[in-house]
Undergrad: 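The structure that follows is given in the form of structure tokens.
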2 protein chains.
Amino acid sequence: MTTQYTGSPEDADLARADSLAREIFSDVANKWALLIIEFLGDGTLRFNELRNMVEGISHKMLTQNLRMLERNGLVERTVHPTVPPRVEYTLTEAGRGLRATVDTMCGWTRRYIGHIEASRRRFDT
Amino acid sequence: MTTQYTGSPEDADLARADSLAREIFSDVANKWALLIIEFLGDGTLRFNELRNMVEGISHKMLTQNLRMLERNGLVERTVHPTVPPRVEYTLTEAGRGLRATVDTMCGWTRRYIGHIEASRRRFDT
DNA sequence: CGGAATCCCAAAGGATACTG
DNA sequence: CAGTATCCTTTGGGATTCCG
């Protein structure tokens, strides 16, 4: 993800993989996506259940992010053809892999929340 | 970060910590911040060095994110009062802690890049 | 109920110019 | 060189409405 290229022919592939990695990173490294992944956890949630848990997210943002996560194969979407429709979301293996790192990030927040709060107060003067 | 409140008096503090955690999460969970942290690594970089490494970032976004990271105590900024000025950025302990989780995330990307690419092709039809 | 589409505003973000 | 300020464009994202 931080590679340097010398211009040799097989570098083309590496450069392609690199820009793909950056694209994936950009998709995934945003708060809504990460919060959705975190709340989904090991369970299965319906659209409006997710909407209630990820507080502050709008209908539109939720669909948008769910589509994106589905497209990248992090979330599986299963539609039960009942009426009214019932749509359930769950993490794929890849999604659970990412979830593990989000967990770490949440742990980090808990660990340093004091430092951060203090640092903010110092800075805001 | 995902707590439920019953309304008891001491819940006020917990709720405050929670919303603070969400705030921090929102600050930090964006691609520019995470890329800056990743590139900073264990080293020390100047403004324009960072600018060249985090490709695609604008002057404005870089300053903005560096200020934010400094405010949260993740990045330390040292100014050498020479002419022309020399400003160096380095991760604090908290910053290095977060960097570890960003590393994990980069590892995750490398691991699943194939799955993701395939999933995208399937989806885009 | 889940989602697509529309409209519309506010915020993000780029380009440029100016300062110590 | 690093940073602030200004301007201007593009995007994000909320509210609403309609469809299966």
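Residue numbers start from 1 in every chain, and the chains themselves are labelled A, B, ... in the order their sequence lines are given, proteins ahead of strands.
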Undergrad: What is the distance, rounded to the nearest whole Å, between atom CG of Leu69(A) and atom P of dG3(C)?
TA: 13 Å
Undergrad: Just how far, in rounded Å, is P of dA11(C) from CG of Asn30(B)?
TA: 17 Å
Undergrad: So, OP1 or OP2 of dA2(D): does either fall under 4.0 Å of a side-chain N or O from Arg46(B)?
TA: yes
Undergrad: Closest approach to the side chain of Thr63(A), judged atom by atom: which nucleotide of dG3(D), dG3(C), dG20(C) is it?
TA: dG3(C)
Undergrad: Check the distance between dG3(C)'s P and Gln64(A)'s CD and give it to me in whole angstrom.
TA: 13 Å
Undergrad: Between Leu50(A) (CG) and dG2(C) (C1'), how many Å, whole number?
TA: 12 Å
Undergrad: Which word best sums up how the rings of Trp108(A) and Tyr112(A) line up, parallel for under 30°, tilted for 30 to 60°, or perpendicular for over 60°?
TA: tilted
Undergrad: Under 4.0 Å, heavy atoms only, any strand: does Arg51(B) hit a base, just the sugar-phosphate, or nothing?
TA: nothing
Undergrad: On a plain distance test, is the side chain of His59(B) in donor-acceptor contact with the base of dG3(D) below 3.5 Å?
TA: yes
Undergrad: Taking atom C1' of dT4(D) as reference, at what distance in whole Å does atom CE of Met68(B) sit?
TA: 18 Å
Undergrad: If you find the nucleotide of DNA chain C closest to Leu66(A) and the one closest to Ser58(B), which residue's nucleotide is nearer the 5' end?
TA: Leu66(A)
Undergrad: 5'-most contact on DNA chain D: Phe47(B) or Met61(A), nearest heavy atom basis?
TA: Phe47(B)
Undergrad: How many whole angstroms separate atom CD of Glu70(A) from atom C1' of dG2(C)?
TA: 13 Å
Undergrad: Any salt bridge linking Glu117(B) with Arg120(B)? Criterion: basic side-chain nitrogen under 4.0 Å from a carboxylate oxygen.
TA: no
Undergrad: Flag the pair Asp42(B) and Arg96(B) as a salt bridge only when some basic side-chain nitrogen lies within less than 4.0 angstrom of an acidic carboxylate oxygen.
TA: no
Undergrad: Distance check: side-chain N/O of Tyr89(B) vs OP1/OP2 of dC1(D), anything under 4.0 Å?
TA: no
Undergrad: To the nearest Å, how far apart are Leu45(B) CG and dC1(D) C1'?
TA: 15 Å
Undergrad: Check the distance between dC1(D)'s C1' and Asn52(B)'s CG and give it to me in whole angstrom.
TA: 13 Å
Undergrad: Under 4.0 Å between a Lys/Arg side-chain N and an Asp/Glu carboxylate O for Asp103(B) and Arg99(B)?
TA: yes
Undergrad: Would you say Arg77(A) reaches dG2(C)'s phosphate, i.e. side-chain N/O to OP1/OP2 under 4.0 Å?
TA: no
Undergrad: Give the nucleotide from the list dG20(C), dA15(C), dG13(D) with an atom nearest to the side chain of Lys60(B).
TA: dA15(C)
Undergrad: I would like to know whether Leu66(B) and Leu50(B) meet side-chain contact (heavy atoms from CB on, under 4.5 Å); could you show each step before the answer?
TA: CA-CA 10 Å; Leu66(B) 282 173; Leu50(B) 260 172; 4.1 Å; yes
